[in-house]
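What you see is a predicted model; the values in this text were computed from it and never measured. Below, chains carry the letters A, B, ... as their sequence lines are ordered, and counting in each starts from 1.
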Number of protein chains: 2
Amino acid sequence: MDKQLINYLQLFRPITIADGNIIAGYFKPQVFKEGDFLFEGDKVAREMFFVCKGVVRIGTVNDKGTEVTHIFYNENHLCSILQSFNDEVHTASFIQACCDTEVLSISKSKLLELYQQLPYLKELIDQLNQLNLIRKVNTRNAYLGEDAETQYRIFTMQHPDIALRVPLKDIASYLGITPQSLSRIRKNIK
Amino acid sequence: MDKQLINYLQLFRPITIADGNIIAGYFKPQVFKEGDFLFEGDKVAREMFFVCKGVVRIGTVNDKGTEVTHIFYNENHLCSILQSFNDEVHTASFIQACCDTEVLSISKSKLLELYQQLPYLKELIDQLNQLNLIRKVNTRNAYLGEDAETQYRIFTMQHPDIALRVPLKDIASYLGITPQSLSRIRKNIK
DNA sequence: AATACTGCTTAACAAATGGTAAAAAAGCTT
DNA sequence: AAGCTTTTTTACCATTTGTTAAGCAGTATT
């Protein structure tokens, strides 16, 4: 699992074996079953996760009491509630496993320690977070002005693996429609 | 106008008068009338703008030929098509003035020169871009799973000044609904 | 194996939104 | 001021989506 993280980082910057071992030492493997919460919300998010296997989602409950999914993260993605993690402010968002999931986790305090040992890592992680944010924005922009069926088609194109692995209700909450509507849409498409 | 930019940067990091003058020397004031394009799209976006007065929007034309608005920027915001600007890739997005607008602009090559003179600026601008992205994501997340009327209410709460200054059709394209629907919603609210 | 629980599907109806068209209003140009 | 263009409003009808309710299928629990 550690290797997977290092391989991922290597895509953006060469990392020596020695440094790779240091980094690996700071991350802790964790396993979650479908439906488990990696982070429950309504507090400061002090953990950053790297998804090794499975899919997680960041979501929240809106004013009407319905769950909405902001984003999914599958394998080889860093996942955190960025604003809360950076600024140490409370967040209403949660992180939940959408299927059986394995992650590497690191607390903010440990991450800061790690930055002290390997200062270039801060720059790297910042860069990765920016890439993540841009991708998130672009993905959402693609849905703008499309009807629900088109949005679902776009989703299955952009995230075919996620579409197959996560519950229908999570996808519906990601698209902002009811599970019934999504079920109907799937039927129409077939 | 230069002063406005320096004041903005000062919010995040102290800047000496000397450095402020250097920075100001790199930015070029430009004026656009409502409807004018700051950037037309279908090429690499090589300019970054700072909005001093007015409102601009980043938008694109989707597959059905309808315009969609990704985001608005009003006064005291850095505005660029980040992925295109950073990675020098083509973008289909455009930047348009939604009302009479004054900006400061800087080309990427000039910005890189400036970074060489004042290395801390890169870190600062990166930080501001990250803040912008997070805000953009959070703003959009707030609309998820809400009906059109609620989305419009949220929009007018979050951006009361923008709501008053930009054409109805632009707001409709931001919310992903037709101008007719938005007109109807406004009538219902009154 | 029987029971409950959860998520998915289906259906009928209600509500919201889109499409089309036309009129009214506002802005520009001459 | 008159004429032109664009934006906004209004209205009517079609389509999409939400709501409610029920049944079904799979999974877990006892």
What contact category does [X] fall into here, base, sugar-phosphate, or nothing, at under 4.0 angstrom with non-hydrogen atoms?
X: B/Ile177; result: sugar-phosphate
X: B/Gly176; result: sugar-phosphate
X: A/Gly35; result: nothing

Are [X] and [Y] linked by a side-chain donor-acceptor pair shorter than 3.5 Å?
X: A/Asn132; Y: A/Arg135; result: yes
X: A/Asn76; Y: A/Gln4; result: yes
X: B/Tyr73; Y: B/Arg57; result: no

In whole Å, I'd like the distance from the [atom1] atom of [X] to the [atom2] atom of [N].
X: B/Asn188; N: C/dA15; atom1: CG; atom2: C1'; result: 12 Å
X: B/Gln96; N: D/dT6; atom1: CD; atom2: P; result: 14 Å
X: A/Glu149; N: C/dT17; atom1: CD; atom2: C1'; result: 16 Å
X: B/Asn62; N: C/dG18; atom1: CG; atom2: C1'; result: 14 Å
X: A/Leu168; N: C/dT10; atom1: CG; atom2: P; result: 11 Å
X: B/Arg184; N: D/dC12; atom1: CZ; atom2: C1'; result: 11 Å
X: A/Lys64; N: D/dT17; atom1: NZ; atom2: P; result: 15 Å
X: A/Ile185; N: C/dA11; atom1: CD1; atom2: P; result: 16 Å

Can you identify which nucleotide, out of [options], has its nearest atom closest to the [X] side chain?
X: B/Pro167; options: C/dT9, D/dT8, D/dT19; answer: D/dT8
X: B/Lys169; options: C/dT17, D/dT8, C/dA12; answer: D/dT8
X: A/Gln180; options: C/dC8, D/dT10, D/dT19; answer: D/dT19
X: A/Asp147; options: C/dA16, D/dT17, D/dT8; answer: D/dT17

Legend entry - Lys/Arg-Asp/Glu bridge criterion (N-O < 4.0 Å) met for A/Asp100, A/Lys33: no
Any [X] side-chain N or O less than 4.0 Å from OP1/OP2 of [N]:
X: A/Thr178; N: D/dG18; answer: yes
X: A/Ser181; N: D/dT17; answer: no
X: B/Lys187; N: D/dA11; answer: yes

Inset, instruction - Identify the two heavy atoms, one from A/Gln151 and one from A/Glu146, that lie closest to each other, and give their separation to 0.1 Å. - result: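 For A/Gln151 versus A/Glu146, the nearest heavy atoms are NE2-O, 2.9 Å.
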Inset, instruction - Select from B/Lys190 and A/Glu146 the residue whose nearest nucleotide in DNA chain D is closer to the 5' end of that strand. - result: B/Lys190
